[in-house]
Amino acid sequence: MIILSCKDIKKGFGEQEVLINASFEIKENEKVAIVGVNGAGKTTLFRVLMGEHLPDGGDIAFKKGAEVAYLGQNPEFAENNNAYDELLTVFADVIAKEEELRRLEVEIAAQSGAGRDTADLLKKYDRLTSDFERNKGYEYKSLVRGVVKGLGFSDEELKLTLASLSGGQKTRIMLAKLLLSEPDLLLLDEPTNHLDIDAVNWLEEYLQKSYKGAVLLISHDRYFIDKLADKVIEIEYGVSKVYHGNYSAFAHQKDLDRQQQVKNYINQQKEIKRQEEIIRRFRSYSQEWSIRRAKTREKMLSKVTRLTMPKDQHTIRIMLEPRRQSGHDVLHAEGLSMAFNEPLFKNVNFDLKRGDVAALIGPNGVGKTTLLNILLGNLRGGGIFRLGMGVRIGYYDQEMEFPDPEKTIFDEIYDAYPDMAQTDIRTALAAFLFVGDDVFKSLGSLSGGERGRVQLCKLMQGHANLLLMDEPTNHLDIFSREVLEEAVRNYTGTVLYVSHDRYFISSTADKIIELNKNGAITYDGGYEYFLEKRVEQDADKSDGVISSAKNDYQQRKESEAAERKRLARIAKIEMEIVRLEAEVAEYDKRLAADEVATNAAAAMAVYAEKEAVEATLNALLVEWEELA
């Protein structure tokens with residue numbers, strides 16, 4: 001049954017049209033992801049659905065009586081509660097029933113002790129007990145404990161007042177409340193932003209197996225969408241399009257659609273040129289009949305809806321190249337430790353070699369950003385670390401804040417490197433996709449992806465050959481993440497980054513450093529290798545996180561094997577198609593030859609052979625279309 005239907009939703013702000021035509025349906029229990037570049041209108045759509053913005057047009061219909069809840073990016077609370085008490089407000093009615101049961105127990109005991117009739121009180125107690133049990137009265141405390149543990153809350157955090165929590169902690173509290181309240185439709189806007197890898201794994205499994213309602217989520221976490229979504233809605237240039245399947249299925253179909261759009265555009269351009277040439281010929285005859293025909297064709301051509309060549313964002317490539325190479329040994333860390341009021345981590349040892357791309361992972365609060373700041377010299381901890389010969393560090397800050405938001409991109413680079421010539425600055429910015437008047441955009445007007453590219457440009461002008469990056473994909477849309485991934489993969493220097501983005505880690509890292517309070521474990525392999533080894537090491541655990549990691553690994557391996565097989569078959573078919581098309585062309589030549597064309601029997605025999613070859617060719621073309 002459909003729980004939400006949207007048809008032709010429109011929304012603009014002033015002269016800017018954000019949503020032009022958003023149309024889709026969400027069914028009960030469906031898990032649906034909304035994707036699109038930053039600024040595409042995803043959050044605006046959520047606010048329209050929740051009534052925070054009035055649509056300029058279109059129809060929105062929720063299933064009658066459906067309970068809808070929304071996790072925004074900036075949740076608000078009455079901040080005098082502590083975190084645990086705030087979670088218990090979800091079960092306020094149940095807690096009130098529990099208090100009434102305790103009161104009745106006291107009253108029944110008193111009446112019974114006085115020798116009075118308690119039949120009516122016992123009936124009331126039985127009815128209330130049944131109601132209490134039906135509303136999860138005996139399990140609500142364990143439900144709360146399970147959710148807060150899964151989302152990574154410590155006992156100490158739960159005792160803190162909401163006013164003292166960080167923005168990320170407040171978002172996790174709101175997410176926990178929504179999960180516990182179990183609405184019919186849950187709208188989640190970037191739910192994984194403040195979760196570490198284990199918490200995201202838990203959330204995936206919870207939404208898949210325990211949460212029975214429908215989920216509509218905005219996320220740039222491609223791994224999360226891949227695991228959870230059975231439908232993807234893309235918003236592009238204000239228009240929505242629905243794709244069935246997870247993120248991988250969407251990305252594949254999107255690429256096929258674009259290929260078809262390019263093909264349609266090229267074919268239409270050919271046909272337009274052909275018609276224009278025919279019109280030119282008719283007009284060149286200067287005869288009445290030819291002029292009439294030319295006008296008829298011109299009229300028909302004027303009615304054709306002209307296609308446009310689709311924009312190919314994926315041709316954009318950023319190349320990160322250090323101006324000077326470092327020595328082979330880049331960084332040696334030995335016995336690093338840090339403590340504030342109490343120990344944060346200790347005995348951290350690892351090495352980086354030139355060309356390594358290492359992901360520093362671990363739970364929230366274990367000190368990953370602190371470790372980067374020790375390496376940067378911003379903090380002093382225990383232990384030692386040594387930089388290798390010729391190593392120059394560049395730092396990419398997750399906050400990407402600029403002190404003066406009115407400053408232009410050009411001035412930001414010039415002020416950082418005043419000795420650079422203007423042409424050199426423009427050349428450097430062009431390498432990071434800022435061309436023409438783009439360089440004069442104010443920093444405050446930039447999207448997350450654009451701010452990230454400005455930071456990368458600044459880094460590379462500083463001769464860095466060791467990049468330390470703190471959550472580099474934060475604030476980036478999927479397209480910007482893909483651009484950054486390719487840049488990091490092609491970088492010939494060394495990279496150490498902190499990230500919870502499993503897709504980014506899987507795509508870029510060739511070394512995993514897992515930080516914990518007692519040290520760090522180095523895995524000399526990518527993310528799949530790390531998952532495999534952690535599954536082997538923790539085979540006896542049954543908390544669900546490990547099984548999820550194992551399933552991730554197995555599913556990805558099977559998917560990769562199937563993809564390799566599909567691509568190999570496509571390549572083989574394409575070679576066979578080329579051969580058969582050449583064979584058909586040879587048959588056409590034979591049929592046109594005098595000795596065959598003038599011999600009916602010979603022509604029929606050649607034609608029969610040609611038909612057999614064409615039948616094989618057509619069958620291969622059908623198979624190619626299905627595989628492609």
Taking the six-membered ring of F402, is NZ or CZ of R451 closer than 6.0 Å to its centre and within 45° of its axis? no
Taking every heavy atom of I108 against every heavy atom of T118, the minimum-distance pair comes out as O-CG2, 3.9 Å
Roughly how far, to the nearest 0.5 Å, is CG of L360 from CG of L496? 5.5 Å
Other residues, nucleotides, ligands: >12 heavy atoms within 6.0 Å of R116 CZ: no
Decide if the gap between the ring center of Y138 and the ring center of F132 is smaller than 6.0 angstrom. yes
L71 side chain reached by D189 side chain, heavy atoms, under 4.5 Å: no
Between E234 and S240, do the side chains contain a donor N or O and an acceptor N or O under 3.5 Å apart? no
Start with the C-alpha gap between V32 and L217, add the side-chain angles, then the distance that decides, and say whether side chain to side chain contact (heavy atoms under 4.5 Å, CB included) holds. CA-CA 6 Å; V32 182; L217 68 97; over 6 Å; no
Test item: K11 side-chain N/O and V48 main-chain N/O as donor-acceptor pair under 3.5 Å: no
Side-chain contact test, heavy atoms from C-beta onward, threshold under 4.5 Å: evaluate it for R502 versus Y527 and give yes or no. yes
Output the distance between atom NE2 (H220) and atom OH (Y247), rounded to the nearest 0.5 Å. 10.0 Å
salt_bridge(K136, D93) N-O dist < 4.0 Å: no
Can any side-chain N or O of K368 pair as donor or acceptor with the backbone N or O of G365 at less than 3.5 Å? no
Could you tell me whether K123 and D126 have a side-chain N and a carboxylate O separated by less than 4.0 Å? no
For atom NZ of K346, is the number of surrounding heavy atoms from other residues, nucleotides or ligands below 6.0 Å larger than 12? no
Where Y206 and E182 come nearest, the two heavy atoms and their spacing: OH-OE2, 4.5 Å
A quick test of your reading: do over 12 heavy atoms of other residues, nucleotides or ligands sit less than 6.0 Å from NZ of K517? no
Any chance you could measure N246, atom CG, to D230, atom CG, to the nearest 0.5 Å? 9.0 Å
Does the side chain to side chain contact (heavy atoms under 4.5 Å, CB included) test come out yes or no for V90 and Y140, once each step is laid out? CA-CA 9 Å; V90 174; Y140 76 89; over 6 Å; no
Return each pair, listed once, that meets ring-ring contact (aromatic ring centres under 6.0 Å, His included) where at least one residue sits in residues 155-186; pairs must be two or more places apart or across chains. none
Going through the distances and angles, do L180 and F91 end up as a side chain to side chain contact (heavy atoms under 4.5 Å, CB included)? CA-CA 9 Å; L180 290 167; F91 300 99; 4.2 Å; yes
Looking only at non-hydrogen atoms, find the nearest pair between F340 and L344 and report the distance. CE1-CD2, 3.9 Å
Flag the pair K177 and E86 as a salt bridge only when some basic side-chain nitrogen lies within less than 4.0 angstrom of an acidic carboxylate oxygen. yes
Applying the salt bridge (charged side-chain N to carboxylate O under 4.0 Å, His left out) criterion to E236, which one of K254, K42, K241 satisfies it? K254
Quick one: pull up OH in Y211 and CG in L179 and give me the separation to the nearest 0.5 Å. 8.0 Å
With the threshold set at 4.0 Å, does a side-chain nitrogen-carboxylate oxygen contact exist between D184 and K63? no
Any side-chain heavy atom of V348 sitting closer than 4.5 Å to one from S337? no
Using modelled atom types only, decide if a donor and an acceptor are shared between the side chain of D196 and the backbone of N364 within a distance under 3.5 Å. yes
Side-chain (D131) to main-chain (R127) donor-acceptor, under 3.5 angstrom: no
Do the non-hydrogen side-chain atoms of I505 and Y497 ever get within less than 4.5 Å of each other? yes
Do the side chain of K231 and the main chain of A229 share a donor and acceptor less than 3.5 angstrom apart? no
Taking side chain as C-beta onward, heavy atoms only, is Y223 less than 4.5 Å from D226? no
How close do L203 and P191 get, counting heavy atoms only, and between which atoms? CD2-CB, 4.3 Å
Hey, does N201 have a side-chain heavy atom less than 4.5 Å from the side chain of I197? yes
Taking the side chain from N373 and the backbone from T369, do they hold a donor-acceptor pair closer than 3.5 Å? yes
So L49 and C6, do their side chains get closer than 4.5 Å, heavy atoms only? yes
May I ask you to say whether K533 pairs ionically with E536, meaning some side-chain N is under 4.0 Å from a carboxylate O? yes
Is there a side chain to side chain contact (heavy atoms under 4.5 Å, CB included) between D470 and Y396 once you walk through the steps? CA-CA 6 Å; D470 192 3; Y396 184 104; over 6 Å; no
Would Y70 and F46 count as a close aromatic pair, with their ring centres under 6.0 Å? yes
Is the closest basic N to carboxylate O distance between R534 and E514 below 4.0 Å? yes
What I want to find out is whether R103 reaches E107 closely enough, with some N-O distance under 4.0 Å, to be called a salt bridge. yes
Nearest heavy-atom neighbours spanning T473 and S499: OG1-OG, 4.3 Å
Between Q208 (side chain) and K227 (backbone), is there a donor-acceptor pair under 3.5 Å? yes
In short, side-chain hydrogen bond (donor to acceptor under 3.5 Å, both in side chains) pairs touching residues 17-26 with sequence neighbours left out are D8-S23, N21-S23
Determine whether the aromatic ring centres of residues H53 and F13 are separated by less than 6.0 angstrom. yes
What do you reckon, is CZ of R102 surrounded by more than 12 foreign heavy atoms closer than 6.0 Å? yes
Measure the spacing between CG of L104 and OH of Y125 and express it to the nearest 0.5 Å. 8.0 Å
Is there side-chain contact between I225 and V232, with heavy atoms separated by less than 4.5 Å? yes
Separation between CD of E485 and OG1 of T508, rounded to the nearest 0.5 Å: 6.5 Å
Correct closest heavy-atom pair for K27 and A214 would be O-CB, 3.6 Å
Heavy-atom donor-acceptor pair, S507 side chain to F504 backbone, under 3.5 Å: no
